[in-house]
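Worth saying up front: this structure is predicted, and the values here are computed from it rather than measured. No hydrogens, no waters, no symmetry mates; every other heavy atom, side chains included, goes into these values.
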Amino acid sequence: MVSAQEDGEKSRKELRSGPNSAQRAGEESEDARRVIIPLLLTLMSVLTKATGITEDLYHRAYTFCTRLLTLPAPYSTVALDCAIRLKTETAVPGTLYQRTVIAEQNLISELYPYQERVFLFVDPELVSASVCSALLLEIQAAQEQQTPEACMRHVVSHALQAALGEACHTGALNRKLQASSRRVLEYYFHAVVAAIEQVASEDSPSRLGHLERMEEIYCSLLGTATTRRRCVGDLLQDRLPSIPLPSPYITFHLWTDQEQLWKELVLFLRPRSQLRLSADLDALDLQGFRPDRDLARVSTDSGIERDLPLGNDELPDPSSSEMERAALQRKGGIKKRVWPPDFFMPGSWDGPPGLHRRTGRPSGDGELLPGVSRVHTARVLVLGDDRMVGRLAQAYYRLRKRETKKFCLTPRLSLQFYYIPVLAPQGTGQDPEASRKPELGELASFLGRVDPWYESTVNTLCPAILKLAEMPPCLDTSRTVDPFILDVITYYVRMGTQPIYFQLYKVKIFTNLSHDPIEDIFLMELKVKTQDSKSPKEGSSPRRRGAAEGTGAELSMCYQKALLSHRPRKVTVSLRATGLVLKAIPAGDTEVSGFSHCTSPNAASAADCSCLHVSVTEVVKTSNLAGRSFTTSTNTFRTSSIQVQSQDQRLLTLWLDKDGRRTFRDVVRFEAGPCPEPCSRAQKSKMSAFNSHGQETEKSMTKPNSLLMPINTFSGIIQ
């Protein structure tokens, strides 16, 4: 009887604690998921530069990644990327290290022609000179030791050690490579690259065949007698530290020109393009990528198959992919050039079109145009506050607009953006405006909320950078410097592969309603204030004089209300206000129009990510026995586009992205909405030819895709 009562009491306690225990289990599961991406990225960083990893460990890591594919994005996305790289590294050890060094150090290799470069941009007006000097000295100190000869030695030594394992005499190998001339180094470097890339390109790579080929290179380098002789000194020297993975080649730039980004990217392509892509450049010019020239060409093909030129004296192999594609194509008629589906939508080249701040993997390498390969990757890293990112967005828009006139960069260049916040300390610094405004780090705070690993790795780097700038420079070149900040930057640009897409917004500014507007773009914020002075062009009318004497200005607003159903709903309202603020990046604890923003530190609401958040400071007039008085209240709402016009003679002042250099005064009216993809007239005519129905053509012309700017993080947005 007592036992039954105890069992009943125990069951009642379990029932009472059931929901709480389930909640605790859910919280523990959420906490466990938080460490998945940091563990995966750190594991890949270690496996890339380590040697002597057993095949069993590779298989266990690969199996772990495949199990994570059942999780939602971005966990499954990062796990898939790691699984693909692990599969390649398991089949051919040393592949990831070799490809990383070749691409980042711009070593010439015909079998692996991919090149990467990190462009570090700093605005001297936003970042102090001491910070710029400290970063430049650290980068130069690290790159002085990364000569092409040293990088080739690392590649050869790492490939042989990864393939041979304990059979490799590390000490003798290092001594031989150090004593070798550049010509000998280049010979064995290309031999190792050819051995690895040929096996990695096979459908079923043979690890045994790869091992035999690496043994041949190893014996040729050291000699048969040296490889068989192994003394005690060699055993001690074989326990040397692991081979370092050189930091990527970084170029330091002071942002002084709006077209500087485009110029640096062109200079990055030009030397290598003259050597490798001269045929591609000529092909692009022949295909008519010039301003206002139709991309479609009239074919002189007779439609008879035997009249088609072969181009070569012999027929291709019947089992080749060229013959297979030819069998599926229509023979005869007017010959049409087959363009990629998203050829006229450059936004899809940087990632999938969609909602604001959509996450995903960049388009990566491949052929966007027939015969033109994207073998170059430009990683643009900007340091500064929100104003620097706003200027980057403006430069990105100019670059994309320039590309509509003549394709120069987009078909052959993968462009990726990275951001490291550097904020002036409170009460100090050369910019008093920055020291008074802690909200200049809103973008960094948002990225830290949606990506906890970004918060722990990148956002914590700002104090270290400021501390480095305060330290006296070390003039002793023989002293080894610990490049802590450079290591974090390297980790970020290598492992930060998941972009967050931010919607760019275009604003049309009217200083005179009879003139054409001034157009500009903003990424984060548009701030509006009413000016105290009245317009000098027109005097105030008698019936509006009393209203004009009050605080603020009479504003007429017409906006498209943002609804969860995405149904169009226009709202027109007139009110007196002292100003308003349009924010594209909302705060985490804001509530607007009954929709609560996501307050979780590592999540973002989809409703918040596709609209502008408007805060209007309205002037409310009250009358009492003491007379009339004016009070202010803040009204907030969401909108996809908005039009604001001053109804009296008070003018407006606009600030874009919190930047004092992007200020517009004496504004009568402005319109803000999503920035469309830049599109030339030639592309518009070609797009209209692709649509057979007039109604569909009109829809595609009136509603182009929005322009999105990606900023890479470690995981993207964690829901």
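When the salt bridge (Lys or Arg N to Asp or Glu O under 4.0 Å) test is applied to Arg153, no partner is found at least two apart in sequence or on another chain. Checked against salt bridge (Lys or Arg N to Asp or Glu O under 4.0 Å), Lys583 has the following partners two or more places apart in sequence or in another chain: Glu442, Glu525. Judged as a side-chain contact (heavy atoms from CB on, under 4.5 Å), and not counting sequence neighbours, the contacts of Glu455 are Asn459. Taking the side-chain hydrogen bond (donor to acceptor under 3.5 Å, both in side chains) definition, one finds that Thr251 meets it with His253, sequence neighbours left out. Judged as a side-chain hydrogen bond (donor to acceptor under 3.5 Å, both in side chains), and not counting sequence neighbours, Ser45 has no contacts. Take Arg117 and apply the salt bridge (Lys or Arg N to Asp or Glu O under 4.0 Å) test, not counting sequence neighbours, and it matches no residue. In this structure, the side-chain contact (heavy atoms from CB on, under 4.5 Å) partners of Pro244, at least two apart in sequence or on a different chain, are His154. By the side-chain contact (heavy atoms from CB on, under 4.5 Å) test, Thr100 is found to be paired with Thr48, Glu104, Leu245, Arg494, residues two or more places apart in sequence or in another chain being considered. Looking at residues two or more places apart in sequence or on another chain, you find a salt bridge (Lys or Arg N to Asp or Glu O under 4.0 Å) between Glu116 and Arg379. With sequence neighbours left out, Thr90 forms a side-chain hydrogen bond (donor to acceptor under 3.5 Å, both in side chains) with no residue at all. Contacts of Glu264 classified as side-chain hydrogen bond (donor to acceptor under 3.5 Å, both in side chains), with partners at least two apart in sequence or in another chain: none.
Evaluation of the salt bridge (charged side-chain N to carboxylate O under 4.0 Å, His left out) test over residues 242-260, restricted to residues two or more places apart or in two chains, returns Asp257-Lys263, Glu259-Arg398, Glu259-Arg402.
A pairwise comparison of heavy atoms in Ala444 and Asp386 identifies N-OD1, 4.5 Å as the closest pair.
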